[in-house]
Amino acid sequence: MKPAADNGADEATDKPPLSCFIIACNEADRIARTIRSAKDIVREIIVIDSGSKDATVAVAEAEGARVIFNAWPGFGQQKRFGEEQCRYDWLLNLDADEVVTPELRGAIRVLFKEGEPPLAAYGMPVSVVYPGREKPRPFANDHYCLRLYDRRRARFKASTLYDSVDPAGARVGHIRHALAHFSVRSLDDLIRKCDERATYNALHSKPKSKRELVARLLFDLPVNFVKYYIIRTHVLGGLMGFQFALITAFFRWVRIVRMYAKSAR
């Protein structure tokens, strides 16, 4: 899988030989910010749209992205499709609600300063930004993901439920600067999003024994609340952090309720 030859404009650019791809559906209100945050460090931006009913396609195209439709096959499969549409082998993957911070852009430029980076993939923190705010809470500890990688040595797993890069045993590097994740528009949007994901995961998860599901019905809610509130530091987010942790933990438990109901049919 080799990139097409550079044209004259690409040879003259100081941007790294890097493609950015974004999967999206109904993200017209925020995808422009995502695209703008990556423009200065990539040579192309590809948006894989799975059937937006709003102006996502028009907004992305107006920002200079190339938009390709692909009916939703699952999280990992959609990202693998995105990988295959890119011109360059080095890829930066973003979600449509994420923003590349100036510090992260600088770190990526440094990695490519002497040519292609030496390792197969690079991970970075992905830090949630609460609705109405412009930066993450102090000491945010939300997610850590491999998002910058060489597709010749690493690829997204073909998973319906999850989207994670598999480096296939190769060494990976670390970038300490975080992606800013504007994951929800409001608490109502968080509830909607968690509810939809709980249903999706319950439908597509591998079957589990009733004994395991009963145990998780008893313990998942308190365990996940501690995980999100304490371990992932939403305790430092004030009232919003408490609400965020409680809603997220509750719908993780709802997923188990729905899996149990499915197993009982």
Side-chain angles (χ1 to χ4, degrees), residues 23-27 50-51 70-82 93 95-98 123 125-128 130-131 137 140-147 155-169 181-237 239-265:
I23 67 170
C25 186
N26 296 327
E27 299 285 359
S50 55
N70 192 54
W72 182 255
F75 285 95
Q77 293 95 330
Q78 189 76 328
K79 291 203 172 182
R80 285 183 73 91
F81 177 84
N93 172 245
D95 286 344
D97 54 6
E98 293 173 342
V126 181
S127 299
V128 168
Y130 296 143
R137 68 199 177 280
N141 182 32
D142 293 300
H143 304 286
Y144 188 86
C145 302
L146 300 180
R147 292 296 191 85
R155 295 288 302 273
F156 268 92
K157 296 178 182 178
S159 168
T160 300
L161 285 176
Y162 306 109
D163 53 344
S164 58
V165 172
D166 180 6
H181 189 194
F182 294 82
S183 60
V184 294
R185 301 166 176 92
S186 64
L187 287 177
D188 285 342
D189 188 44
L190 176 62
I191 292 169
R192 176 198 61 79
K193 186 175 181 179
C194 288
D195 190 21
E196 289 178 356
R197 190 64 186 263
T199 298
Y200 183 87
N201 283 13
L203 288 173
H204 295 281
S205 291
K206 294 179 181 179
K208 294 179 172 57
S209 70
K210 287 189 176 181
R211 180 177 295 180
E212 178 184 348
L213 291 173
V214 168
R216 295 186 66 175
L217 284 172
L218 294 173
F219 297 109
D220 259 34
L221 181 54
V223 167
N224 275 300
F225 179 74
V226 170
K227 171 185 171 182
Y228 285 99
Y229 195 56
I230 304 299
I231 298 174
R232 293 199 174 175
T233 71
H234 287 285
V235 65
L236 301 177
L239 177 59
M240 180 68 74
F242 175 81
Q243 293 171 308
F244 194 99
L246 185 60
I247 291 168
T248 305
F250 174 74
F251 279 101
R252 296 280 295 179
W253 178 75
V254 167
R255 173 177 61 102
I256 304 303
V257 172
R258 291 172 181 169
M259 290 173 67
Y260 183 83
K262 179 184 173 183
S263 73
R265 290 173 188 165

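All values reported here derive from a predicted model rather than from experimental measurement.
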> Per the side chain to side chain contact (heavy atoms under 4.5 Å, CB included) rule, which among Ile191, Val257, Leu246, Leu221 passes with Phe251?
Ile191
> Quick one: CD1 on Ile23 to CG on Asn93, what's the gap to the nearest 0.5 Å?
7.0 Å
> How close do Ala96 and Ala24 get, heavy atom to heavy atom, and via which atoms?
CB-CB, 4.1 Å
> Taking side chain to side chain donor-acceptor pair (under 3.5 Å) as the definition, give me every residue that meets it alongside Asn224, ordered by chain and number, with sequence neighbours left out.
none
> Suppose we screen for side chain to side chain contact (heavy atoms under 4.5 Å, CB included). Which residues come up paired with Lys262, at least two apart in sequence or across chains?
Arg265
> Which heavy atom of Thr233 sits nearest a heavy atom of Arg137, and at what distance?
O-NE, 3.0 Å
> To check you understand the geometry: which heavy-atom pair defines the closest contact between Cys145 and Val126, and what is its length?
SG-CG2, 4.0 Å
> With sequence neighbours excluded, what pairs up with Gln78 under the side chain to side chain donor-acceptor pair (under 3.5 Å) test?
Asn70
> Would you check if the side chain of Ser159 reaches a backbone N or O of Tyr162 as a donor-acceptor pair within less than 3.5 Å?
yes
> Can you name the ring-ring contact (aromatic ring centres under 6.0 Å, His included) partners of Phe156, sequence neighbours left out?
Tyr149
> Got a sec, which residues hit side chain to side chain contact (heavy atoms under 4.5 Å, CB included) with Phe75, two or more places apart in sequence or on another chain?
Trp72, Asp163, Arg197, Tyr200
> How many angstroms lie between atom OG1 of Thr248 and atom CG of Leu190, to the nearest 0.5 angstrom?
5.0 Å
> Kindly compute the distance separating CZ (Arg232) from CZ (Phe244), expressed to the nearest 0.5 Å.
9.5 Å
> With side chain to side chain contact (heavy atoms under 4.5 Å, CB included) as the criterion, how do Gln77 and Thr160 come out once you've worked through the C-alpha distance, each side chain's angles and the decisive distance to 0.1 Å?
CA-CA 7 Å; Gln77 293 95 330; Thr160 300; 3.1 Å; yes
> Look up atom CG in Leu218 and atom CD1 in Ile256, then write down how far apart they are to the nearest 0.5 Å.
11.5 Å
> Given His234 and Tyr130, is the side chain to side chain contact (heavy atoms under 4.5 Å, CB included) satisfied, shown in steps?
CA-CA 10 Å; His234 287 285; Tyr130 296 143; 2.7 Å; yes
> What donor-acceptor contacts under 3.5 angstrom involve side-chain atoms of residues 203-213, with partners at least two apart or in another chain?
from, atom 1, to, atom 2, distance (Å)
Ser205, OG, Asn201, O, 2.5
Ser209, OG, Glu212, N, 3.1

> Suppose we screen for ring-ring contact (aromatic ring centres under 6.0 Å, His included). Which residues come up paired with Tyr144, at least two apart in sequence or across chains?
His174
> Should Asp142 and His181 be marked as a side chain to side chain contact (heavy atoms under 4.5 Å, CB included) after you check the CA-CA gap, both sets of side-chain angles, and the distance that decides it?
CA-CA 10 Å; Asp142 293 300; His181 189 194; over 6 Å; no
> Tell me, which pairs form a side chain to side chain donor-acceptor pair (under 3.5 Å) where one or both residues lie in residues 250-260, sequence neighbours left out?
Asp195-Arg258, Thr199-Arg258
> Among residues at least two apart in sequence or on other chains, which ones pass side chain to side chain donor-acceptor pair (under 3.5 Å) with Ser127?
none
> Quick one: list whatever passes side chain to side chain donor-acceptor pair (under 3.5 Å) with Arg80, sequence neighbours left out.
none
> Going by ring-ring contact (aromatic ring centres under 6.0 Å, His included), name the residues that satisfy it together with Tyr229, two or more places apart in sequence or in a different chain.
Phe225, Phe242
> Test of understanding: with salt bridge (charged side-chain N to carboxylate O under 4.0 Å, His left out), list the residues that count as partners of Asp95, not counting sequence neighbours.
Lys79, Arg147
> When rounded to the nearest 0.5 angstrom, what distance separates CZ in Arg192 from CG in Asp189?
4.5 Å
> Would you please test Ser50 and Phe81 for side chain to side chain contact (heavy atoms under 4.5 Å, CB included) and show each step?
CA-CA 11 Å; Ser50 55; Phe81 177 84; over 6 Å; no
